[in-house]
Novice: 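Below are the structure tokens for one structure; questions will follow.
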Amino acid sequence: MNNNYLFPVYKQINIEFEYGKGSSLYDKKSNKYIDFTSGIGVNSLGHAHPKVIKTINKQANKLIHLSNIYSIKVQKECAKKIVKLSTYEKMKCFFCNSGAEANEAAIKFIRKYAYLNEIKNHKIITINNSFHGRTLTTLKATAQEDKQKGFGPFTDEFIYAKDIEDIKNKIDENTVAVMLELVQGEGGINAFDKKQIQTLAKELKNKKILLAIDEVQTGVYRTGEFLASNYYEIKPDIITLAKGLAGGLPIGVMMSDIEDVFTLGNHGSTFGGNPLCTKVALEVLTILEKRYKTKKLQKTVEIFQKELDKFYLKNKEYFVCKTGIGLMLGLKLKDENNLSKVFEEALKHKLLVLKSGKDIIRFLPSLLILEKEIKEGFRKLQKSIIKLNNKDKK
Ligand SMILES: Cc1ncc(COP(=O)(O)O)c(C=O)c1O
């Protein structure tokens, strides 16, 4: 179908998927594609998970939406579960509908904190190649100037550090917070060094500067732990979640344990925390918690990483290295011209992968992907690289 009624903001692939099952997607002719993308980390349980379908149906029969002017029991249960799984016991949640909204809430929260603590001309430090969303403020927080071109003026409170090390050079008396992804998702599956992050977290705590971790892509077991912050063994002041939390339904969360910042009337959302999305999120979390506790999640991570290792070792002439943690993984190409080629060839072989940055093939499979789906996917990837440029042979 033509796109005459849509703004052309997405570079769309000309395949219309009709339905999905697990980590397979099917087009109109029932051609099967192996999905290593899970809707960019959203379909955490894969497609058409029976328990997600059942929960949607059951809840839709009772209540889909209820205004936040009423007390919503399942919203409270969902918040309790998220806080319990995070291990940061004193945190509270604010529900919204997307990653950008969760980060927007975090930035509002930081501003109010600055106001209460009389930090004038407050600045938030973010890092080059970060990605925090597309609203005007989260776009400004996103330290990628090419994405901002034409959309100014912006709120002028973000300072960009080159990398983690550079943060300390940027800190001054106006710094109120540092906001970052522990593994940059859009910016090249760039997993920061654990020791460096732990040192940074300590320094910020000493200087009473807030640490806000954007876990929109890394959260909800993507890295093998519930939060990447758990993996890095730090305790942020603010955390945001979205993508994989409700298995495909729109949801976002901003959480913090700083009290008395968000007070009555300070923030809100019409759809945020509605009974349908929070009920499904609760089910998704229950399923994933069980898989984590029974080490099944760890097994899936191991199998995927083992197959990725094999693929990398066999085809080292094309790749610089493997990147990422858990099931948020990438392969860095030696020749960035090969990125679109791999992507397109993979499509021809009916495998869905993602791009990240200029030269990374990104993998964000469902957290429930089966061994046979993983193996089938890597067989397809092997066939997809035959026509690549080989820098080593130049
Ligand atoms: C780390 C991170 N933050 C924020 C966002 C924005 O999320 P959304 O597209 O749901 O607004 C994304 C989306 O890719 C992301 O990866």
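Every number for a ligand or one of its atoms is a count from 1 in the order of the listing.
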Novice: Considering only non-hydrogen protein atoms, determine which one is nearest to atom 2 (C) of ligand 1 and report residue, atom name and distance to 0.1 Å.
Specialist: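 Of every protein heavy atom, Phe131 O, 3.3 Å lies nearest to atom 2 (C) of ligand 1.
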Novice: Side chain or backbone, does Glu101 bring an N or O within less than 3.5 Å of an N or O on ligand 1?
Specialist: no
Novice: Where on Arg134 is there a heavy atom closer than 4.0 Å to ligand 1, on the side chain, on the backbone, on both, or on neither?
Specialist: neither
Novice: List every atom of ligand 1 that sits less than 4.0 Å from any heavy atom of Asn103, numbering the atoms from 1 in the order shown and giving each element.
Specialist: 3 (N), 4 (C)
Novice: In terms of atom number and element, which parts of ligand 1 are under 4.0 angstrom from non-hydrogen atoms of Lys243?
Specialist: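 So the atoms of ligand 1 that pass are 13 (C), 14 (O), 16 (O).
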Novice: State whether the number of non-hydrogen atoms from other residues, nucleotides or ligands found under 6.0 Å of Lys51 atom NZ is greater than 12.
Specialist: no
Novice: Measure the distance from atom 16 (O) of ligand 1 to every protein heavy atom, then report the residue, atom name and distance (to 0.1 Å) of the closest one.
Specialist: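 So the nearest neighbour among protein heavy atoms is Gln217 NE2, 2.8 Å.
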Novice: Can you tell me how the ring of Phe378 sits relative to the ring of Phe311, calling it parallel under 30°, perpendicular over 60° and tilted otherwise?
Specialist: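 Plane angle between 30° and 60°, so tilted.
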Novice: Any nitrogen or oxygen of Asp214, side chain or backbone, less than 3.5 Å from one on ligand 1?
Specialist: yes
Novice: Does only the side chain of Ala100 get under 4.0 Å from ligand 1, or the backbone, or both, or neither? Count heavy atoms.
Specialist: both
Novice: Below 3.5 angstrom, do we get any N/O pair linking Gly133 and ligand 1?
Specialist: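 Looking only at distances, the answer is no, because the N/O contact criterion of under 3.5 Å is not met.
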Novice: Please state which protein non-hydrogen atom is closest to atom 10 (O) of ligand 1 and give its distance, to 0.1 Å?
Specialist: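 Protein heavy atom at minimum distance: Gly99 N, 2.8 Å.
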Novice: Would you tabulate the side-chain donor-acceptor contacts of residues 210-220 under 3.5 Å, counting partners in other chains and residues two or more places apart, or write 'none'?
Specialist:
residue, atom, partner, partner atom, Å
Asp214, OD1, Val216, N, 2.9
Asp214, OD2, Asn103, ND2, 2.9
Asp214, OD2, His132, ND1, 2.8
Glu215, OE1, Thr218, OG1, 2.8
Glu215, OE1, Ala228, N, 2.7
Glu215, OE2, Ala228, N, 3.3
Glu215, OE2, Ser229, N, 2.8
Glu215, OE2, Ser229, OG, 2.6
Gln217, OE1, Arg362, NH1, 2.8
Gln217, NE2, Glu186, OE2, 3.0

Novice: Does the protein put a heavy atom under 4.0 Å from atom 8 (P) of ligand 1?
Specialist: yes
Novice: Out of Leu241, Val216, Leu182, Val183, who is nearest to atom 5 (C) of ligand 1 when you count heavy atoms only?
Specialist: Val216
Novice: With heavy atoms of Ser98 as the reference, note each atom of ligand 1 found under 4.0 Å away.
Specialist: 10 (O), 11 (O)
Novice: For atom CZ of Phe154, is the number of surrounding heavy atoms from other residues, nucleotides or ligands below 6.0 Å larger than 12?
Specialist: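 Correct, the count exceeds 12.
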Novice: Heavy-atom distances under 4.0 Å decide this one: backbone, side chain, both or neither, for Thr138 against ligand 1?
Specialist: neither
Novice: Kindly check if the number of other-residue, nucleotide or ligand heavy atoms within 6.0 Å of OH (Tyr19) is above 12?
Specialist: yes
Novice: Verify whether the ring centers belonging to Phe304 and Phe36 lie closer than 6.0 Å.
Specialist: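 Yes, they do, as the ring centres are separated by less than 6.0 Å.
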Novice: Quick one: does Val52's side chain get under 4.5 Å of Glu283's, heavy atoms only?
Specialist: no
Novice: Any N or O of Glu181 that comes nearer than 3.5 Å to an N or O of ligand 1?
Specialist: no
Novice: Suppose the criterion is salt bridge (Lys or Arg N to Asp or Glu O under 4.0 Å): which pairs have a residue in residues 337-352, not counting sequence neighbours?
Specialist: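 Those involving residues 337-352 are Glu345-Lys348, Glu345-Lys387.
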Novice: Is it true that atom NZ of Lys279 has more than 12 heavy atoms of other residues, nucleotides or ligands lying nearer than 6.0 Å?
Specialist: no
Novice: If you count the atoms of ligand 1 from 1 in the order shown, which ones are under 4.0 Å from a heavy atom of His132?
Specialist: 3 (N), 4 (C)
Novice: Could you give me the CA-CA distance, side-chain angles and deciding distance for Met91 and Met255, then say whether side chain to side chain contact (heavy atoms under 4.5 Å, CB included) is met?
Specialist: CA-CA 6 Å; Met91 292 224 171; Met255 42 197 298; 3.9 Å; yes
